[in-house]
Student: 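Dropping the structure in here first, questions after.
Atoms within each ligand, like the ligands themselves, are counted from 1 in listed order. For clarity, every value in this text was computed on a predicted model and none was experimentally measured.
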Amino acid sequence: MTINPLDGESQSPAFPIESYNLRMTTSTAHRRLWIETVGCQMNVLDSELVVAALRRQGWQLTTSPAEADAVFYNTCSVRQHAEDKIWSALGRVRQEKQARPGLIVGVLGCMAQKDQELIRTRAPWVDLVVGPGQLHRVPGIVEEILAGGPPRIEVSLDRTAGSRDAVTKSFESYDPDRDPTMRPTPFQAFIRTQTGCDKFCAFCVVPRVRGPEQARPPAAILAEATKLVAEGCREITLIGQTVNSYKWHDGGKTTRLADLLHDLDSIDGLDRIKFVTNYPRDMTPELIGAVRDLPKVCQYLHVPAQHGSDAVLTRMKRGYTIGEYLEMHARVSEELPRAAVTSDFIVGFCGETDAEFQTSVDLIDRLQFKNSFIFKYSPRPGTKAFDRQPDDVPEEVKKERHRILLDTQTKASLAGNLPFIGTRQTVLVEGLSTRDEKRAVDPGPDGSAQLTGRTSCDRIVVFDAPMRLVGRLVDVVIDAAGAWSLSGTVADGLAAAVPLPLATDGACGTGGCDGPGPIHQIAPRPER
Ligand code: SAH
């Protein structure tokens, strides 16, 4: 798996915006699919589910578009840069399609919903255009195209094209059964709590392209979590555009995110629960209490502030003041003194003055977020800001403000990481570090490589260890800290961290039974 920050704007190597390819090779594959995923975790999950559905129809993933029978792009419309990337890719795939007319080219996700007809006129070689509310149709459409059917556009209703009920119905939640071999790591999974968004921030295209907010029933979320854990999943991340706005009414009972966390926390075999992304006003005392009291819930809260100025927040239609954000942050700090709070910021929003920009710098200085994703404002057709507020901050000024805010955050992140030196942290081991993945290191299961994992407060830790630690919780003593990661040494020696033979054999190897911290068996990693 390759995870690359898409536009170099966010300084942290993880979400929210990234581009990543799901890849798998097989010599026996009959029909081969290549899919590139751009955007948020929701897209990552959508790609996982589409690929799993196509695998059931005999498709296999391939490593290169050149040898694929179908090339899909799961797209993002949050910023222009994400769209430009797809337009360029569509230009490149045109030659491939000319050489091999049987190649199926698909555009899925948010751009498909937003630019449906434009894609057909600018890139008529695209065979299927399928919005995020219609993904369940992909396998059927692919079969029809293979059988000689015409190109297809399957999208949901525009938000203004009908009653709320009609528009809502046209965005169908796509949550079929999961295939553990399709996840980048079988021991981690995203679970959708709700689709769509009703916040309508002035800058944001998400409510338009992902439709009205719709909660999934709690029973479906719990059943999915239970099944995932039975398949070897150790960490679940609940995802929603504003996950903490989750609300499900059933008879006289209302279920909120805090209630879901209580239920998930009692699933045996699950180690960690995370949830993203939070809306500041919905950070209720009940939710903060659940994070405080439930041992499996990670003390990591992504709560985007977006800006430090009340005037800009008003123009952004964010629905809260900085005073309210500070009050929320103070409650979090009091109840959860160890929690890592992270944020998103937009620089160069319509009319942003130097003095207004400075308030964002001041907010980072004051609250010392663990990290922040920092974006230059990108006007999005179909949003209130696009229609009513001129994009009047010059690109050069946006760039400079981006640099300054990033510098401020980098200092805060480093200051937050330094106190970890000398401490012992429990880390869920995720795989090769970016360094060793770039070097294509293949140490085999016993050989040592530089691995990466995360603490429960979402800090990245790198350390040398054998690949068989992947998927396990291990303790690492931190010996160095940078702004974006920590590095360390597996605590108590590797022998104690890796029980051999596995406990399922009914025997304990060197140090296995007495080893430090919880160590778990996981399903074997799929061949990739
Ligand atoms: N609701 C989700 C997805 C929003 S997009 C979430 O909160 O994660 C993620 C981030 O992209 C937002 O928090 C915002 O900081 C940024 N963003 C959204 N629209 C943008 C735009 N038009 N220009 C620049 N950044 C934008």
Student: Please find the pair of heavy atoms, one from Trp248 and one from Ala215, that lie closest to each other, and give the distance.
Tutor: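 Nearest heavy atoms, Trp248 then Ala215: CZ3-O, 3.4 Å.
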
Student: Can you find a non-hydrogen atom of Thr242 under 4.0 Å from ligand 1?
Tutor: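 Contact absent.
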
Student: Mind checking the CE-OG1 spacing from Met328 to Thr284? Nearest 0.5 Å is all I need.
Tutor: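 Reported to 0.5 Å precision, the distance equals 11.5 Å.
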
Student: Any N or O on Arg380 sitting closer than 3.5 Å to an N or O of ligand 1?
Tutor: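 N/O-N/O distance below 3.5 Å does not exist for this pair.
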
Student: Please check this pair: side chain of Thr383 against backbone of Pro379, looking for a donor-acceptor N/O pair closer than 3.5 Å.
Tutor: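 Such a contact is absent between Thr383 side chain and Pro379 backbone.
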
Student: Check each atom of ligand 1 against the heavy atoms of Thr277 and keep those under 4.0 Å away; list them by number with element.
Tutor: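 Selected atoms, number and element: 6 (C), 7 (O), 8 (O).
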
Student: Starting at CG of Leu257, measure out to CD of Gln194 and round the result to the nearest 0.5 Å.
Tutor: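 Output value for this atom pair is 8.0 Å.
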
Student: Nearest non-hydrogen contact with atom 13 (O) of ligand 1 belongs to which option: Thr383, Asp344, Val347, Ile346?
Tutor: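 Of the listed residues, Asp344 has the closest heavy atom.
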
Student: Is there at least one pair of N or O atoms, one from Tyr377 and one from ligand 1, spaced under 3.5 Å apart?
Tutor: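 No, there is no polar N/O contact under 3.5 Å.
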
Student: Counting only nitrogen or oxygen atoms and a 3.5 angstrom limit, does Phe203 reach ligand 1?
Tutor: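 For ligand 1, there is an N or O atom that lies under 3.5 Å from one belonging to Phe203.
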
Student: In ligand 1, which numbered atoms sit nearer than 4.0 Å to a non-hydrogen atom of Gln306?
Tutor: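 So the atoms of ligand 1 that pass are 12 (C), 13 (O), 14 (C), 15 (O).
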
Student: Is the centre of the Phe373 ring less than 6.0 Å from the centre of the His302 ring?
Tutor: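 Under 6.0 Å, so yes.
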
Student: For Phe200 and Lys317, which heavy atoms make the closest approach, and how far apart are they?
Tutor: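 Nearest pair, atom of Phe200 first, then Lys317: O-CB, 4.2 Å.
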
Student: Please confirm whether Lys376 approaches ligand 1 to less than 4.0 Å, judged on its heavy atoms.
Tutor: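 Yes, Lys376 has heavy atoms under 4.0 Å from ligand 1.
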
Student: What orientation do His136 and Tyr174 show, parallel under 30°, tilted 30 to 60°, or perpendicular over 60°?
Tutor: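 Tilted.
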
Student: Which atoms of ligand 1 sit under 4.0 Å from any heavy atom of Arg79?
Tutor: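 Under 4.0 Å from Arg79, ligand 1 has these atoms: 11 (O), 16 (C), 17 (N), 23 (N), 24 (C), 25 (N), 26 (C).
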
